[in-house]
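Please read the structure below before turning to the comments.
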Amino acid sequence: MIRLEEYLREGGSSPYRKWFDGLNAAAAAKVATAKVRVSLGNTSSVKWFEGIGEIRIDWGLGYRVYLAKDDDALIVLFGGGTKATQKADIVKAKRLHAEYKARKHAAARRQ
């Protein structure tokens with residue numbers, strides 16, 4: 001089993017939750033199903049590149065969910081989008097991933 005967590009920014013906001021909450025019911029169901037599959041270890045729909053992954057959902061507008069591995073049991077969700085917004089969504093996911101890593105590194109140094 002793989003643990004999935006939403007990335008929470010400094011103020012506690014979740015870019016993934018903000019995106020997910022804006023989906024219609026059918027799209028939200030497809031995204032939730034894809035998340036369950038990944039949590040069960042089925043990562044065949046994930047394309048990995050440049051430190052992040054993209055879950056591809058071949059339905060509707062071509063939904064995508066952006067994530068990164070943190071260790072063997074944790075995948076951090078950064079947000080999502082569609083095929084039409086893919087380029088900008090990837091840039092945003094990379095930025096959020098860098099922010100996540102910097103905050104994690106700073107927290108580790110304080111301990």
Side-chain angles (χ1 to χ4, degrees):
M1 193 94 162
I2 299 172
R3 194 172 92 227
L4 299 175
E5 288 189 7
E6 295 174 25
Y7 172 56
L8 298 179
R9 299 192 79 190
E10 188 83 32
S13 67
S14 167
Y16 172 82
R17 178 64 41 199
K18 181 178 179 184
W19 170 75
F20 184 83
D21 287 349
L23 297 175
N24 65 46
K30 293 287 187 180
V31 170
T33 300
K35 280 179 53 181
V36 168
R37 287 184 180 139
V38 169
S39 74
L40 294 173
N42 181 351
T43 57
S44 63
S45 64
V46 180
K47 177 184 175 191
W48 295 99
F49 55 93
E50 298 181 45
I52 64 170
E54 176 185 73
I55 301 172
R56 294 176 172 197
I57 302 167
D58 189 19
W59 177 86
L61 300 174
Y63 292 93
R64 272 67 171 139
V65 177
Y66 296 95
L67 45 87
K69 291 180 185 178
D70 192 357
D71 58 38
D72 291 339
L74 173 65
I75 293 182
V76 181
L77 303 171
F78 293 112
T82 65
K83 180 68 178 163
T85 60
Q86 185 178 28
K87 286 184 182 184
D89 296 334
I90 289 171
V91 169
K92 182 178 177 182
K94 286 180 185 177
R95 188 179 74 246
L96 290 169
H97 185 225
E99 180 182 300
Y100 170 80
K101 289 191 303 185
R103 287 180 58 207
K104 184 176 178 181
H105 180 71
R109 285 196 342 231
R110 287 193 297 268
Q111 292 181 358

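Keep in mind the model is a prediction, meaning the values are calculated, not measured. Just so it is clear, the values below take in all heavy atoms, side chains as well, and ignore hydrogens, waters and symmetry mates.
Linking Ile, Leu, Val, Met, Phe, Trp and Tyr residues whenever their side-chain heavy atoms come within less than 4.5 Å places Leu77 and Leu23 in a single cluster. The cluster map of Ile, Leu, Val, Met, Phe, Trp and Tyr, joined by side-chain heavy atoms under 4.5 Å apart, puts Tyr16 and Ile2 in the same cluster.
The shortest side-chain heavy-atom distance between Asp70 and Lys104 falls under the 4.5 Å cut-off. Within the 4.5 Å cutoff, the side chain of Arg56 has no heavy atoms near those of the Lys83 side chain. Annotation: side chain of Tyr63 is not in contact with side chain of Val65 (no heavy-atom distance under 4.5 Å). Side-chain contact between Val76 and Leu67: absent, with no pair of heavy atoms (C-beta onward) separated by less than 4.5 Å.
Applying the side-chain hydrogen bond (donor to acceptor under 3.5 Å, both in side chains) rule to pairs touching residues 22-43 yields Asn42-Ser44, sequence neighbours excluded.
Counting only distance, with no hydrogens or angles, the side chain of Arg9 and the backbone of Tyr7 share no donor-acceptor pair below 3.5 Å.
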Do Glu6 and Arg17 pass the salt bridge (Lys or Arg N to Asp or Glu O under 4.0 Å) test, and can you show the C-alpha distance, the side-chain angles, and the key distance before you say yes or no? CA-CA 7 Å; Glu6 295 174 25; Arg17 178 64 41 199; 2.4 Å; yes
Could you please spell out the steps behind the side chain to side chain contact (heavy atoms under 4.5 Å, CB included) verdict for Phe49 and Ile90? CA-CA 10 Å; Phe49 55 93; Ile90 289 171; 3.8 Å; yes
Applying ring pair (Phe, Tyr, Trp, His ring centres under 6.0 Å) to Tyr66 and Phe78, what does each step give before you reach the verdict? CA-CA 5 Å; Tyr66 296 95; Phe78 293 112; 9.2 Å; no
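At a threshold of 4.0 Å, the pair Arg3-Glu5 counts as salt-bridged, since one of the basic side-chain nitrogens sits closer than that to a carboxylate oxygen.
For the pair Lys69 and Trp48, the cation sits on the ring face: its NZ or CZ lies under 6.0 Å from the ring centre, inside 45° of the axis.
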